[in-house]
Amino acid sequence: MVKLTIKPNDKMPWVEKYRPKSVNDMALPSARVGRQKVNIAEELRKFIVEFFIERIKINEKNKAIRIYNRTHEEKEQKEELKLAPEKAAVLLEGPPGVGKTTIAYALANDLNMEVIETNASDTRTKASLESKLSETTKSKGIMDFIVESKKKLILIDEVDGIYGVTDRGAVPTILKLIENTQFPIIMCSNEYKQSLQSLYTKIKKFEIESLTNDEMLKIAKKIVSKEKITGLSVSDLNLIIDKNHGDLRGVINDLQGISQGSFDKDNKDLILNLNRDNTEEIFSLVRDLFQKVNTLKEARALTNKSDVDYNFLYKWINENLTSFIRLNREIVNAYENLSLADEIFGRIKKNQYWSLLPYFYDLFAGGVVLSRKNRPPDESYHRIVFPRYTSSGFFSLNANEKSIVDKIQKKYVVSDIEAVQDFIPFLRSLCSSSRKLLGNVSDWFELDAKEKKLLKQE
Amino acid sequence: MLSEIPVWRIKYMPKTLDEVCGRDQIKERLKKAIHQRNFPHLLFVGENSIGKTTIANLFSKEFLGSLYDTNSKLVYSKVPLTEEETKQARSEAYVSQTKLGSLAGRSITTPAFIRVKIKPFVQLKVLGNAPFKILIVKNFDSLGFNQQAFRRLMEKYGTNCRMILITTKISRIIDPIMSRCQIFLISPAEFGSFRDLIERIAQKESLKIEQGVIEILYKISEGKISRAIDLLQLCSIGGEIVTSEMLYENSFNAKHDMVRALILMCFKGNFTKARELSRKIQTRYKFSSQELFQIMLIEMKKLPLSKYSRSKIINYIADADFRAIDGRDTDIQISNLIAKICSFSEVL
């Protein structure tokens, strides 16, 4: 008989290969609860241990209640006890690649537990979540009667990847799960999400911060020596680490990518080409467009190469145009092209005239950038700003304005638009001339301090 | 709560149809309708802020009497739906079961505005012993295409609910709607009754008005009473005697002034500052690009410019306005116009 052997170190991605098996081997990220710094591994270990103690207590009490209910069926029934949600589940929130998933696995390994994981690759509708998790949480498996099985840890990874439409009913199911679970739940998420508000309020949240560069350098060095990579200096490693902004997984992936490529090229170039940062890309793209491009062809090549959405890109150009192009006659040419591009884009979207798209591309990039006749050869560094002003084209009020308009409408019949365009400006000029009137007006409309301020501003 | 209303415009709002300033003919016709307890659908046409809505409101109040609160509704068609309302409209869309071919299984929606704001009110039965309900729709012209939906609504639910449609421009109302309505052309208040009203207010507020000032006030406010009263109140802060100088001093139109400042800024040739200002105007007054260009056109005509440059700038504004119709980003189109005027000012 041929014995199958799996050689784990051959084809595995390094991220898996170097994933620590125990918490003690890990580079622990720093974590906070609210403002307080905590040791994440200790806290999680405590959470899991306490969970099982509490769970057993509650289970026994529930057993008693169930017996009572069965024997006193005609009388008032007692309700079964439930575990407090913050004792049943925790949320780890932090940037990608700092080790949220890893710490859960490492802990499970340390405590000899089995991990049941769902992540964003599974569809997480109510039905599929229930079939995967509810069975394991509520009852013991068949095998449990024969052999005492491992305890389990439920890991719901990438919670923020739950989408409203495809994962319908996921959040209520998770909430129900938290109430009834027989095993501790750890959830991981990258960022705050409005739709998960009902989850956040119930459970304890650990905010995990990115790793420091020193820690990452230590690990990177270890990997380099283990994999016997030559030709990477410490400064190269530092460059990689800098680029990844505390994302250890990114660093390890980059290392693997570089070591597998050839070393003919300059290392620095190679590293810089491995870019994950989208906003950084848009900044440099806008800068390059204005400062490096000399021909239409170059502009086209630059916009084609980047994967920045052109929906955005031309708004960025609109915002940053004036910091590069200063002369009025050049601004005119630039805007002539940009506004035509905008019109064309509108027509494309409206009537599906996709054959017009080439004009749009050439006008908003090349057309704008090349409207400058003479470009100073060595231009200084310009700050690129976000498109601050986005006009939707529709009438909309911000929260402050909305509240003041609502209060005015209670007393005086006027539409939102009339209020903003006519009535509030009049009140403003009325109130600017006398403080007493300001008081009277705000008293009569029952305005609060914030809204009063809105009347005062010029 | 204060017993005194601090804003005169609200303080001197007419409480009954009789108190409405001037326009006796219209009042008479409306009163006849109240007397007969019946009227067809009405269409009120007239300039903005001369009191169309006030008249419509008071009329329905007097017509319905104590049942006014439950049986009437005022709808602003220009104000876009809130998020909740669009959600509601979407949820109420139903799937057709009778359509064949490519239309089979399509969800059918009437325009969200009509579905959410009009239909539920129109379909509901009259409460109490009122003859019918009254629906007032403001800015009816801005409905555009959705006016078509009113054709059937007006016929189908006409016995249950009468509509008073209010518009500034009769040319933008489609013919079938016009043929279903009795049209009221509402003019600004006549000078005689205007003078009486102003004198009455002055007496109550113990203001003295110099001779001939009321004529000027009438001219400045273009017969729009709410504006005239606003102006009077602004003057009253300065002193007890209202003179013509004070009137001119206070007679400003904040939004128009800001737009004029924008044009002047453009003539100075400073593009970045002008753009800042245009963004400020837009965030404060929530103009659509069309509205802004219109005001720019009006203000530009007031400026002392040569024939040549005036026609040139009209050309620019028209071009920008034209592009903004299809364009997706109004800021770009407005910036385009500003840039053009800036560079034109350098040539001058």
Side-chain angles (χ1 to χ4, degrees), chain A residues 314-315 318-319 321-323 326-332 334-336 338-347 349-350 387-398 401 411-418 420-423 425-430 433-434 437 439-441 443-446, chain B residues 1-2 4-7 9-10 13 48-49 53-54 57 74 76 78-80 138-139 230 233-234 237-238 250 252-255 269 271-272 275 279 282-289 291 320 322-340 342-346:
Chain A
Y314 85 100
K315 293 194 173 172
N318 173 32
E319 188 66 48
L321 194 148
T322 46
S323 50
R326 291 286 167 77
L327 291 174
N328 274 343
R329 57 171 193 280
E330 288 171 357
I331 292 178
V332 164
Y335 263 112
E336 174 68 35
L338 190 59
S339 72
L340 186 59
D342 178 49
E343 189 194 353
I344 287 175
F345 191 51
R347 293 205 177 179
K349 287 272 163 140
K350 205 168 172 185
R388 275 170 305 159
Y389 183 84
T390 49
S391 55
S392 58
F394 291 105
F395 180 83
S396 64
L397 299 171
N398 64 31
E401 291 164 336
K411 304 269 176 167
Y412 179 50
V413 183
V414 64
S415 77
D416 291 14
I417 291 176
E418 280 171 339
V420 169
Q421 293 188 352
D422 290 323
F423 194 58
F426 164 68
L427 286 183
R428 216 176 262 147
S429 61
L430 195 67
S433 47
S434 99
L437 257 169
N440 285 352
V441 167
D443 279 353
W444 197 71
F445 284 115
E446 291 163 29
Chain B
M1 211 180 108
L2 276 155
E4 185 95 334
I5 301 170
V7 183
R9 181 208 277 232
I10 302 171
M13 276 252 285
N48 56 341
S49 67
T53 315
T54 316
N57 254 336
L74 175 64
Y76 303 103
K78 225 174 167 186
V79 178
K138 265 194 98 168
N139 305 104
D230 283 355
Q233 189 175 13
L234 282 177
I237 296 165
N250 283 315
F252 70 96
N253 190 334
K255 56 183 177 182
F271 175 76
T272 31
R275 185 160 78 163
R279 286 176 173 185
Q282 281 179 79
T283 43
R284 178 171 290 187
Y285 292 107
K286 321 275 176 198
F287 288 135
S288 68
S289 59
E291 280 170 319
F322 178 64
R323 274 189 186 171
I325 292 173
D326 272 341
R328 288 173 69 83
D329 192 329
T330 47
D331 186 52
I332 288 178
Q333 303 300 343
I334 293 166
S335 303
N336 178 28
L337 176 62
I338 292 169
K340 272 180 179 167
C342 281
S343 106
F344 179 68
S345 72
E346 279 181 356

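Lettering of chains follows the sequences in order, A, B, ..., and the numbering in each one begins at 1. Computed from heavy atoms alone, side chains included, the values below leave out hydrogens, waters and symmetry copies. Everything numeric in this text was worked out from a predicted model, so none of it was measured.
- In this structure, B:K255 pairs ionically with A:D422, as a charged nitrogen and a carboxylate oxygen lie closer than 4.0 Å.
- A salt bridge is defined here as a Lys NZ or Arg NE, NH1 or NH2 lying under 4.0 Å from an Asp or Glu carboxylate O, and B:R328 with A:E343 fails to meet this definition.
- Judged by distance alone, the side chains of A:D342 and B:Q333 do bring a donor and an acceptor atom under 3.5 Å apart.
- For the atom pair CD1 (B:I332) and CG (A:L321), the distance works out to 9.5 Å, reported to the nearest 0.5 Å.
- There is no contact between B:N139 and chain A, counting heavy-atom distances below 4.5 Å.
- Annotation: side chain to side chain contact (heavy atoms under 4.5 Å, CB included) contacts of A:E418 (sequence neighbours excluded): A:V414, A:S415, B:K138.
- For the pair A:F345/B:D329, no side-chain contact is recorded, criterion being any heavy-atom separation below 4.5 Å from C-beta on.
- In this structure, chain A has a heavy atom under 4.5 Å from the side chain of B:T272, while its backbone stays farther away.
- Nearest heavy-atom pair, B:A339 versus A:I331, reported as atom, atom and distance to 0.1 Å: CB-CG2, 3.7 Å.
- The line from OG of A:S339 to CD1 of B:I334 is 12.0 Å long, rounded to the nearest 0.5 Å.
- A salt bridge does not link B:R284 to A:E401: none of the charged nitrogens lies less than 4.0 Å from a carboxylate oxygen.
- In this structure, the portions of B:F287 lying under 4.5 Å from any heavy atom of chain A include both its backbone and its side chain.
- Pairing each heavy atom of A:N328 with each of B:G269, the nearest pair is ND2-O, 2.8 Å.
- Taking the side chain as every heavy atom from C-beta outward, B:I5 and A:W444 approach each other to under 4.5 Å.
- Across all their heavy atoms, A:K411 and B:I10 have their closest contact at O-CG2, 4.5 Å.
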Start with the C-alpha distance between A:Y335 and B:L337, add both sets of side-chain angles, then the distance that settles side-chain contact (heavy atoms from CB on, under 4.5 Å), and finish with yes or no.
CA-CA 9 Å; A:Y335 263 112; B:L337 176 62; over 6 Å; no
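- Contact of B:L74 with chain A is made through the side chain alone, with heavy-atom distances under 4.5 Å.
- When A:L427, A:L327, A:L340 are compared by the number of non-hydrogen pairs under 4.5 Å with chain B, A:L340 comes out ahead.
- Proximity of A:L437 to B:Q233: side-chain heavy atoms (C-beta onward) are separated by under 4.5 Å at one or more points.
- Among all heavy-atom pairs drawn from A:Q421 and B:Y285, the shortest one is NE2-O, 3.1 Å.
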Step by step, would you call A:V332 with B:F344 a side-chain contact (heavy atoms from CB on, under 4.5 Å)?
CA-CA 9 Å; A:V332 164; B:F344 179 68; over 6 Å; no
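- B:N336 contributes atom CG, which lies 8.0 Å from atom CG of A:L338 (distance to the nearest 0.5 angstrom).
- Here the straight-line distance linking atom CD1 of A:I417 with atom OG of B:S288 works out to 8.5 Å at 0.5 Å rounding.
- Here the CZ-CG distance, from B:R9 to A:L430, works out to 10.5 Å after rounding to the nearest 0.5 Å.
- At least one side-chain heavy atom of A:T322 sits less than 4.5 Å from a side-chain heavy atom of B:F271.
- Separating the CZ atom in A:F423 from the OG atom in B:S49 is a distance of 13.0 Å, to the nearest 0.5 Å.
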